[in-house]
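Numbers restart at 1 for each chain; the letters A, B, ... are given by sequence-line order, proteins then strands. Since this is a predicted model, take the numbers as computed values, not measurements. When reading the values below, keep in mind they use all heavy atoms of this one structure, side chains included, and skip hydrogens, waters and symmetry mates.
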Amino acid sequence: MKAEPESRIVKGNDVKFSISDLKECKTEHWDGVRNYEARNNMKAMKTGDLCFFYHSNCKVPGIAGLMKVVKEAYPDFTAWDPEHPYYDAKSDKEAPKWFMVDVEYVGEFGRLIPLKELQGYSELKEMHLVKRGRLSIQPVTSDEFDFIRSLASLKSEE
DNA sequence: GCCAACGTTGGC
DNA sequence: GCCAACGTTGGC
């Protein structure tokens, strides 16, 4: 799941959200997903599922930490707020178009695992992130998950 | 800030 | 329902 750790202003609001921000607030709703495939991936998530927190659109893009799903997909209310950077006039309350999940902080990796590095592993050649980078919510196979987990430990495990 | 790779829109 | 034009993402 991607978020931008560096400040960027959209419609007067800073959309910055990093693993440290999640650590601080502990749980957060993952709003702003405005792509059908990404939305469908979120709808498939189950409570307790683990997710990687990916830092995108920043100096060193890569995987920053781990979080878990604590609430399954429900309507993204930010789509209904005209003042919100992710407002979508075409989503109404009767038939919500966009959804979000709630995630809880699990841990930050002792080191950020750069995209550059991930691209170099043959084990990850087929990974969505490597093959087709653009999607903001992507599937990870259990083999890919285990492999990436072996590349770094959480700060809490050190 | 460039631009490739997508995704979306809308005329026909 | 095709597809050209346009918009967005995000690494570099």
Side-chain angles (χ1 to χ4, degrees), chain A residues 1-25 28-45 49-67 69 73-103 105-141 143-145 147-152:
Chain A
M1 302 176 76
K2 297 186 188 176
E4 303 184 30
E6 291 173 6
S7 289
R8 191 166 65 87
I9 306 301
V10 181
K11 283 189 10 186
N13 298 66
D14 193 348
V15 297
K16 162 186 181 300
F17 189 66
S18 71
I19 185 88
S20 320
D21 295 323
L22 180 63
K23 184 179 187 179
E24 220 162 275
C25 62
E28 185 60 289
H29 48 268
W30 204 268
D31 61 26
V33 174
R34 298 290 180 268
N35 170 285
Y36 287 106
E37 195 178 349
R39 180 202 69 181
N40 293 342
N41 288 335
M42 266 200 312
K43 279 185 164 183
M45 291 176 181
D49 281 355
L50 292 170
C51 313
F52 290 127
F53 193 124
Y54 181 89
H55 281 178
S56 84
N57 212 2
C58 56
K59 218 180 283 167
V60 184
I63 296 175
L66 253 192
M67 54 198 176
V69 177
Y74 63 104
D76 182 340
F77 51 79
T78 66
W80 300 327
D81 176 4
E83 300 301 311
H84 199 278
Y86 298 130
Y87 173 65
D88 179 1
K90 289 179 190 159
S91 179
D92 66 53
K93 295 190 182 183
E94 300 304 306
K97 193 169 151 188
W98 304 118
F99 289 77
M100 57 191 174
V101 297
D102 286 358
V103 290
Y105 177 81
V106 172
E108 181 178 0
F109 285 128
R111 66 180 186 101
L112 181 124
I113 309 168
L115 174 63
K116 258 270 170 62
E117 177 181 336
L118 297 170
Q119 288 168 334
Y121 294 113
S122 61
E123 290 88 341
L124 302 178
K125 228 179 230 126
E126 296 303 310
M127 192 178 178
H128 215 287
L129 184 69
V130 172
K131 274 193 131 176
R132 243 190 82 199
R134 280 192 44 184
L135 205 58
S136 64
I137 309 287
Q138 308 189 357
V140 180
T141 68
D143 283 349
E144 288 161 355
F145 184 86
F147 180 76
I148 291 167
R149 277 299 273 115
S150 76
L151 295 175

Atom NZ of A:Lys116 with >12 non-hydrogen neighbours under 6.0 angstrom: no

Qualifying residues under side chain to side chain donor-acceptor pair (under 3.5 Å), relative to A:Thr141, sequence neighbours excluded: A:Glu144

Sequence neighbours excluded, every pair satisfying salt bridge (charged side-chain N to carboxylate O under 4.0 Å, His left out) that has a member inside residues 32-45 of chain A: A:Arg34-A:Asp76, A:Glu37-A:Arg132

Sugar-phosphate only, base, or nothing, as touched by A:Lys59 at under 4.0 Å among non-hydrogen atoms: nothing

Partners meeting side chain to side chain donor-acceptor pair (under 3.5 Å) with A:Lys131 (sequence neighbours left out): A:Glu126

5' to 3' contact window, DNA chain C with chain A (heavy-atom distance under 4.0 Å): C:dT8 to C:dC12

Nearest non-hydrogen partners of A:Asp14 and A:Ser7, listed with the distance: OD2-OG, 2.8 Å

Ring centre gap for A:Trp80 and A:Tyr86 strictly below 6.0 Å: no

Pair A:Asp21, A:Ser18: side-chain N/O donor-acceptor within cut-off below 3.5 Å: yes

Euclidean distance, A:Glu83 CD relative to A:Asn13 CG, rounded to 0.5 Å: 8.5 Å

Touch class at under 4.0 angstrom, heavy-atom based, for A:Glu37 against every strand present: sugar-phosphate

Within residues 122-137 of chain A: residues closer than 4.0 Å to DNA chain B (heavy atoms): A:Arg132, A:Arg134

Those residues of residues 112-121 of chain A lying under 4.0 Å from DNA chain C by at least one heavy atom: A:Leu115, A:Gln119

